[in-house]
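Quick notes on the structure that follows.
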Amino acid sequence: QVQLAESGGGLVQAGGSLRLSCAASGSTFRGYTMGWFRQAPGKERDFVAAINWSVGSAIYADSVKGRFTISRDGATNTVYLQRNSLRVEGTAVYYCAASATGWRIAGFSYWGQGTQVTVSS
């Protein structure tokens, strides 16, 4: 079955950069949509970015456009989230997710355990 494992979280200062990784296994992922979500303390989990594995097209939440970049490496089955110009409000647990049914948020049925990112002022 599909398994996702995030890494790369930690403590970073506001304005800095951090790259998150998601190691994916259990499928070829051709045709999948891979996404990143985040959940801040006391808030619901929000969509951040997603990428079509086969084509490489990507979409982003308005709050991260121009600062975050999602990418994938087919050779290593890894999805990345490059985060630049980090803000304190970006403190959250970041989750990697996979969907076999396209871009719909409800279609993301596979989830990783999450990685904590803390942005200090």
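Note: hydrogens, waters and symmetry copies are ignored here, and every other heavy atom, side chains too, is used.
A side-chain contact (heavy atoms from CB on, under 4.5 Å) with T91 holds for exactly one of V12, L86, V119; it is V119. The residue from I51, N52, N77 that alone fulfils the side-chain contact (heavy atoms from CB on, under 4.5 Å) condition with R72 is I51.
Contact between A14 and S121 at its shortest, heavy atoms only, is CB-CA, 4.4 Å. Among all heavy-atom pairs drawn from Q116 and A92, the shortest one is NE2-O, 3.5 Å. For G9 against V117, the heavy-atom pair with the smallest separation is CA-CG2, 4.0 Å. Contact detail for S17 and S85: the closest heavy-atom pair is OG-N, 4.4 Å. Between S54 and R30, the shortest heavy-atom contact is OG-CG, 3.5 Å. Of all heavy-atom pairs between A49 and Y60, the closest is CB-CD2, 3.6 Å.
In the hydrophobic cluster analysis, where Ile, Leu, Val, Met, Phe, Trp and Tyr join through side-chain heavy atoms closer than 4.5 angstrom, L20 is grouped apart from Y95. Side-chain heavy atoms closer than 4.5 Å link hydrophobic residues (I, L, V, M, F, W, Y) into clusters, and following such links, even through other members, never connects W103 to W36. A continuous path of hydrophobic side-chain contacts links W111 to V93 [ILVMFWY only; heavy atoms under 4.5 Å]. The hydrophobic clustering, which links ILVMFWY residues whose side-chain heavy atoms are closer than 4.5 Å, places L81 and L18 together.
Note that the OG atom of S99 and the CH2 atom of W53 stand 14.0 Å from one another [nearest 0.5 Å]. Of the inter-residue distances, the one linking T69 atom OG1 with N84 atom CG reads 6.5 Å to the nearest 0.5 angstrom. Atom SG of C96 and atom OH of Y80 lie 11.5 Å apart (nearest 0.5 Å). Here CZ of R45 is found 10.5 Å from CD1 of I105. Values are rounded to the nearest 0.5 Å. Taken from SG in C22 to CD in Q3, the straight-line distance is 11.5 Å, to the nearest 0.5 Å. Atom CD in E89 sits 9.0 Å away from atom OG in S63 (nearest 0.5 Å).
No donor-acceptor pair under 3.5 Å is formed between the side chain of S57 and the backbone N or O of V55. Checked by atom type and distance alone, the side chain of Q113 never pairs as donor or acceptor with a backbone atom of E6 at under 3.5 Å. With hydrogens and angles ignored, the 3.5 Å screen pairs no side-chain donor or acceptor of Q82 with any backbone N or O of R19.
The cationic atom of R83 (NZ for Lys, CZ for Arg) lies less than 6.0 Å from the six-membered ring centre of Y94 and within 45° of the ring axis.
Using cut-offs of 30° and 60° for the angle between ring planes, the F108 and F37 rings count as perpendicular. Taking the six-membered ring where tryptophan is involved, the planes of Y32 and Y110 are tilted, since the angle between them lies from 30° to 60°.
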